[in-house]
Structures are given as structure tokens and as C-alpha cells.
Amino acid sequence: MAYDLVIENGKIIDGSGIPGFHGGVAVSGGRIVEIGQVSRAARRVLDADGLVVAPGIIDNHTHYDAQVTWDPLCTFSCYHGVTTVVMGNCSLALAPAHEEDRETLASVLSHVEAIPLEAIRAGVKWSWETIPQYLDALDRRLGINVASLIGHSAVRRYVMGEASQERHATDAEVAAMRAIVREGIEAGAVGVSFERNLRHFDWNGRLAPTNVASDAEIFAVAGVVDAVGRGVIQFGGDRKLGAQVARSSRCPVFYGNITQQAVAPDRWREQLTEAENMMRQGHRAYQFVMPRPGDLRYTLKTAQHFDALPSWKPVMLLPLEQRKQAFRDPEVRARLHREAVETPNNPRHAGDFTRRWDLQFVFRPALPKNQHLRGKSVAEIARDQGKDVLDVFLDLALEEELETEFERREVNSDEAAMTALLTSPYTVIGQSDGGAHVVFRTDYSYSTYLLSHWVREKEIMSLEEAIRKLTFVPASLFGLLDRGLVRPGMAADLMVFDPETIAPLEPGEAQDLPGGAKRRKQLAQGIEWTVVNGQVLLERGKHTGVYPGKVARNSASQSRSL
Ligand SMILES: [Zn+2]
């Protein structure tokens, strides 16, 4: 009998980290059945000459819980080689849900993760109450695979109602939460998620339920994964408490991310050392690193980061014409200069303006005559022109009616720091927040960015190692034991791409959310085929019309069903 699909002549990079090799990959019944020399004919043959055949990317931290119900492809992650997403992070989920709590769950998800509430209201067709029912509802129509964590906020709301956002739980309520988490994991959820972030509210200004829990409740509910012996714990916010949870559990715990920040230049090193120490002591304690830079773009019409400087704030709040006048006024400018250039940076105030003018770049000049400044830092232009940095910055913006687009490259952009963080065996690459922060962020392109920028251009690690970190590592840590490798017996989730051209494209905007809300859209180039469970989902970035995705269930439910 012929195979369903053979991808021939490609270079197979199998996800394990071993050097790539030439050969074919044969697929039958949604699984990989042969690699290397393929012994039979196939109903469909793809010629991957000059291309790499790798496992599909596993995005380990997303918030597609609502979006996946109206968009089973999970755009725009799927356009970056992603074949599986992990959702239900940061305590937020849409199950379990009593009918009367649907609006609250939507409200918390919307407010914490910056997903337009109208989109969730218009898009989600609720048909479930329990976690097993939610997973089964999703399983009916998926483009890519989704693995789901159980969100503690949803569970707490389900058990405690209004009180979930007001008080500590009783012993009986904690026991009820534990039972729900156990039922969810036995149905295939891949773990449970929590958060301790006292700035995360719903639309009514009340804390998300997880944030009202006592430490004891968090340990008790998280302890279910140890009792069942399967699943992971994701813990957002408070790193100290997250580390404590990691020390008390034998299951993988994801409890923070390490970010290089110009405003606090030594912090990433301390955090990396902490991650190393935890793992050397034998804990399964993981922290994420995002390969994409925090390349925030702004104009002097929209910038917010100067608001932290007392003499800048009133100026930035002026109407545009008066703001321009103030920027021209020599006395005002002297005051602005004192704070933004002469005052030394204070690393304790992370998030403030760094005063690093070498990290403020001209991204898009408005006038044709200024195009030669594109891509240069303000400090560099000041040196070239023999002018002061603030004069360069303000004069350019004034000449262009404050339309000049600048870019801050203060986060995850330092090459030495990022090389250390991305190549460390003690970090996990990811945390895209796909499906969240839809108006501002496109971190879901981290896979194509890693492969183009850090691997091809900067050569900080081999392609084999990068693929391993994007596929086999997250599959192993999240217990998705039949994914993340190109091996006979594994699910046939594959990304076939050109290593010379793969890259994210310049972001644009789409107005395609239910209810008409906008979001940032970023696609990729260089990916020929994305295969999910043996079927070609995307061909050169176009959906072929099939829905081969599945709920990726944890290994406990898999071994039970064998
Ligand atoms: Zn998150």
C-alpha cells in the first residue's frame, strides 16, 4: 500500500540536535513511518530539494484559548512554522465555566492579555462547561494542534463564584479545585497555570481570581500534578513564589522569563545564574527567553516612555502645536536636556527611559531628504553632524512635524547578552504570548526571527541546535512525547523551509477580528510547507483548506489510551 505522503530530497534536521542529513520522510495515517531511504511509493510526493525538513515549531506560551474557537489555525503563529501551541497560560482559560461566569472569564482574559473584549464576545460560541467538554469541542475543528493548561483563575471562579475575586478559599473549596484540576489532567490537559501579579485586573478593576489565592492554596492546587504524576506548572508574576513552587515539585515548572534590558544591564546575568543553580540542584525549574528584540517604535506624537521624566511629562501632555513650541523653546529644551542627557540612568527604575541615545534609532524618516538617516542611531547622527544628541533628536522630529518614527532597541537586542541567553542549556526559548496583546506585539514570529537573525545572520548557534530548542525541548518539557522529532512513530508535524530565506516579514495591520477590531499582522517568507498530523496545512503561506489539528494531550492520557 502506498504511503500518504513522502517528502523527498530534503535535508532532515530531526529536532534531536544531531547534524542534518539528506533523505526522505514518509508519512502514513498521520504519523512518520520511515526516514532516510523510503521504500514505497506515495499518493503525494513533495520535492524538498534545497530545503530543510524539520519538526513543526511548538510554541510553549500562548493565549489562543478564545481565538482558537473562531480561528482554528491560530493565526498568525501558524505562518511561522508553528504546528502546536500551548495555551491556558497565566491562570487564564475559558473552562471550566458556568454559564453565568462566561462574561467574567472573557473580561479577565481580555483585560490582562489585551485582546479586544468585543472580539471575544462576538467570536466565542460557548458550548462547554467542564475542561473535558472544552477540549472535546476544540478537537472537532483544529488547523494546528493545541495543548491546554488548566487556568487557576477559571477553576477558582467556577468553584467560588464572585468570592473568587474577594477572599481566600476554604479547605472544601481547595479540595473542589483539586478535583477539577485532576479531572482536566486525566482528560489530557498538559498542566495547570497560576499567576501572582497584583496589577492584573478584569474590566471592573477587580483582581483576577488567581491573585486572591493564598500561597497555601497555590501549593495545594499545583500539587495535583505531582499527585497525578503528569503535567507541568506554569507560574506567572512573582518570581520568588514561582521558584518556591519549583523547589517543591517534581514536575516541570515554568516561572519566569529572562530579559536583557539596557535599563538594568546586569540583571539578566543574575537571573541566568539563578536558573543554572536551580537546575544544577536538580529542580525542573525553567525560565523563558524571547529571541525577538523589544523594538518599540514611537513618534514624539505618541511616545510614553518620556513620561517618567518630570520635566518631560507636562510637555508630552501638551496639544501638538504647543508641544512643538515647547521643543523649540531654548529654556524648555535646556530642562529636557538636563534630565534626558545629563542625569545618569538609575538601573533600579526598570522601564524608565534609559538615556541610551545610542539605542534610539531613526526607523522611518518622514521626509525624502532625511532618508539617509534611516537605521542610524541618534548618537551616531550626533557624532556625524557634530551636534548634541537632544538637538539632533528634537530638530529632526520638528522638521518632520513630529512624524519621524523612532525605534528603541533597549530590550533583548544586546548581542553578547542574547548569545549567552539563547545558547544556554538552562533557558527555554519561547513565551510568544501568541493571541494576546494583539494590537502591539508580534512575538509569535520568534521562530522565524531566531532562524533568520540569530542563526543565519549572527551565527550564534547551529541550525540543528536552534531547531532542537524550538521543537524537541518544548515537546519534552510539556510531556508531548509523540511530537518534536522527525522519527518513525512520531506525529507527522513538519516544517519544510529554505534556510537561506526564512524570515519574518515587516509587520502590518489586519482588521479581521470578530466584531471588526484590528490587530498587528506579521507573516513570514521561506516556508514551503507546514504539515500537521500528516496533512499539508499551509503551502507557501496559503491554507490548503484542511483541518488536521488535534488537541495535543499529555502523555498520561496517551499511555492510557494505548
Ligand atoms: Zn501569558
Side-chain angles (χ1 to χ4, degrees), residues 57-68 74-77 80 82 84-95 105-117 119-120 146-157 189-203 207-211 213 218 222 231-239 241-243 245-246 252-259 271 285-292 294 411-412 427-447 474 477-478 519-520:
I57 309 294
I58 295 175
D59 185 338
N60 47 35
H61 186 115
T62 74
H63 294 278
Y64 283 113
D65 306 71
Q67 186 184 323
V68 66
C74 298
T75 61
F76 300 100
S77 288
H80 298 272
V82 171
T84 302
V85 294
V86 178
M87 56 186 206
N89 282 284
C90 305
S91 89
L92 307 171
L94 297 188
L105 295 185
S107 167
V108 177
L109 178 63
S110 161
H111 207 199
V112 172
E113 298 301 338
I115 304 165
L117 187 56
I120 301 178
V146 298
S148 189
L149 294 165
I150 297 165
H152 179 230
S153 278
V155 175
R156 200 169 203 271
R157 178 81 200 183
V190 295
V192 56
S193 70
F194 303 86
E195 197 191 50
R196 178 67 63 80
N197 183 336
L198 300 181
R199 286 171 307 174
H200 276 177
F201 301 105
D202 66 10
W203 281 106
L207 282 172
T210 192
N211 288 306
I218 288 171
V232 306
I233 298 165
Q234 187 262 336
F235 191 93
D238 188 335
R239 301 171 69 94
L241 188 54
V245 172
V253 178
F254 300 86
Y255 74 99
N257 51 356
I258 308 179
T259 308
Q271 292 177 341
Y286 303 101
Q287 302 198 52
F288 290 113
V289 174
M290 168 46 61
R292 275 179 43 95
V411 171
N412 285 1
T427 61
V428 177
I429 289 177
Q431 200 172 39
S432 76
D433 262 349
H437 309 284
V438 297
V439 181
F440 307 107
R441 285 174 48 184
T442 63
D443 284 350
Y444 51 75
S445 63
Y446 74 98
S447 53
L477 296 181
F478 280 86
R519 57 179 177 152
R520 274 195 109 192

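In listed order, ligands and their atoms are each counted from 1.
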For this session: With sequence neighbours excluded, tell me which residues meet side-chain contact (heavy atoms from CB on, under 4.5 Å) with Ile115.
Result: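 Only Leu109, Glu113, Ile120 meet the side-chain contact (heavy atoms from CB on, under 4.5 Å) criterion with Ile115.
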
Problem set entry | Side chain Asp65, main chain Gln67, donor-acceptor under 3.5 Å | no

For this session: For Ser91 and His152, indicate whether the former's side chain and the latter's backbone hold a donor-acceptor pair under 3.5 Å.
Result: no

Seminar exercise, completed: If you count every protein N, O or S atom closer than 2.8 Å to the Zn ion (ligand 1), you should arrive at 4

Exercise. Are Phe478 and Phe254 near enough that their ring centres are under 6.0 Å apart?
Worked result: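 Centroid distance Phe478-Phe254: below 6.0 Å, so yes.
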
Exercise. How far does CE of Met290 sit from CG of Asn412, to the nearest 0.5 angstrom?
Worked result: 8.0 Å

Exercise. How long is the span from the CD1 atom in Ile218 to the CG atom in Asn211, to the nearest 0.5 Å?
Worked result: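 It is 8.0 Å, given to the nearest 0.5 Å.
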
